[in-house]
Amino acid sequence: MPSSKDRQRIEIPVHFYEQLAQIAETEDRTITSVLNQLLFQALQGYQPTWIPSKHLSRFNEHAQHVLSLAREEALSFNHQYIGTEHLLLGLLREQEGLAALALEKLSVALDPVRAAVEKKIGRGNQPVKEEIDYVPRVRKVLSLALDEAERQGSAYVRTEHILLGIVRDGGGVGADILDTLGILGKVRAQVFELLG
């Protein structure tokens, strides 16, 4: 816990201070009141960050395989990132997980989803040589998957939790494809039906 001295004095870069001072002068306020308002607004929208090195051990073997398959899918499209669309493709390819079964019951198949990804964002021009990483939305989806596992009392994140994370986030290409297929709103019920 920060000391009271830390709470009273926080050092910020000069350019931030100058921007705060300009806003305060324009709005006839103190810098402290502007900073308090900005921090309050930012904290309301805060989402926990998924940190691979910290949280990956909580993913079961099938969920970790989904992440590996998502990376393969991104590389096959020559994409320089791993997005929610790649996660969705990974979920469909990991046949041992409940997510693939739920999607199959909702008539979602791998090839049409691959075609939808290509139609929406296309392919890169050349193979990716450097290491690729998750986009911020995927990190958010994976943190939501952790939350879904905890809500269900599961010690491990399973494939269905990743799928529920995509649905709960509701944004990104993966959720958009599920919405276009008319099943975004049906996924949660299907997962819970399979869970019994």
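Small disclaimer: the values here were computed from a predicted structure and weren't measured. For the numbers below, each heavy atom of this structure counts, side chains included, while hydrogens, waters and symmetry mates do not. Residues take their numbers from the sequence shown, with the count starting at 1.
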Quick one, [X] and [Y] - any side-chain contact, counting heavy atoms below 4.5 Å?
{"X": "Asp133", "Y": "Arg139", "value": "yes"}
{"X": "Arg58", "Y": "Glu150", "value": "yes"}
{"X": "Leu91", "Y": "Ile166", "value": "yes"}
{"X": "Arg168", "Y": "Val141", "value": "no"}
{"X": "Leu89", "Y": "Val113", "value": "yes"}

| task | Go through the steps for Tyr134 and Leu67 under the test side chain to side chain contact (heavy atoms under 4.5 Å, CB included), then give the verdict. | result | CA-CA 10 Å; Tyr134 304 106; Leu67 301 180; 3.7 Å; yes

Is there a donor-acceptor contact under 3.5 Å from the side chain of [X] to the main chain of [Y]?
{"X": "Thr26", "Y": "Gln22", "answer": "yes"}
{"X": "Arg29", "Y": "Ile23", "answer": "no"}
{"X": "Thr84", "Y": "Gly174", "answer": "yes"}
{"X": "Glu94", "Y": "Val66", "answer": "no"}

| query | Which pairs with one or both residues in residues 169-196 pass ring-ring contact (aromatic ring centres under 6.0 Å, His included), sequence neighbours excluded? | reply | none

| said: Filter on ring-ring contact (aromatic ring centres under 6.0 Å, His included), then keep only pairs touching residues 68-126, sequence neighbours left out; what's left? | reply: Phe77-His79, His79-Tyr81, His79-His86, Tyr81-His86

| said: Using side chain to side chain contact (heavy atoms under 4.5 Å, CB included), reason through Leu38 and Leu20 one step at a time and then give a plain yes or no. | reply: CA-CA 10 Å; Leu38 291 172; Leu20 289 168; 3.7 Å; yes

| request: Mind checking salt bridge (charged side-chain N to carboxylate O under 4.0 Å, His left out) for Arg71 and listing every partner two or more places apart, or none if nothing turns up? | output: Glu131

Tell me which donor-acceptor pairs under 3.5 Å the side chains of residues 95-109 have, and how far apart each pair is, sequence neighbours excluded?
residue, atom, partner, partner atom, Å
Gln95, NE2, Leu92, O, 2.5

Considering all heavy atoms, the nearest [X]-[Y] contact:
{"X": "Leu164", "Y": "Arg188", "result": "CD2-CA, 3.8 Å"}
{"X": "Gly83", "Y": "Val135", "result": "CA-CG2, 3.9 Å"}
{"X": "Ile82", "Y": "Val138", "result": "O-CG2, 3.3 Å"}

Once rounded to the nearest 0.5 Å, what's the spacing between atom [atom1] of [X] and atom [atom2] of [Y]?
{"X": "Leu146", "Y": "Arg151", "atom1": "CG", "atom2": "CZ", "answer": "12.5 Å"}
{"X": "Glu148", "Y": "Ile162", "atom1": "CD", "atom2": "CD1", "answer": "11.5 Å"}
{"X": "Asn36", "Y": "Gln41", "atom1": "CG", "atom2": "CD", "answer": "11.0 Å"}

| Between Glu85 and Lys120, is there a salt bridge with N-O shorter than 4.0 Å? | no

| message | Using a strict threshold of under 4.0 Å (side-chain N to carboxylate O), is an ion pair present between Arg158 and Glu61? | response | no

| query | Taking only residues two or more places apart in sequence, or in another chain, which ones meet Glu72 in a side chain to side chain donor-acceptor pair (under 3.5 Å)? | reply | Arg93

| remark: Applying side-chain contact (heavy atoms from CB on, under 4.5 Å) to Leu184 and not counting sequence neighbours gives Val167, Ala175, Leu178, Asp179

| said: Please check if the number of heavy atoms outside Glu25 that lie under 6.0 Å from its CD is greater than 12. | reply: no

| query | Which is it for Asn60 and Val157 under the side chain to side chain contact (heavy atoms under 4.5 Å, CB included) test, yes or no, and what are the steps along the way? | reply | CA-CA 6 Å; Asn60 76 4; Val157 174; over 6 Å; no

| Checking side chain to side chain contact (heavy atoms under 4.5 Å, CB included) for the pair Leu88/Val173: CA distance, chi angles, key distance, verdict? | CA-CA 9 Å; Leu88 181 58; Val173 177; over 6 Å; no

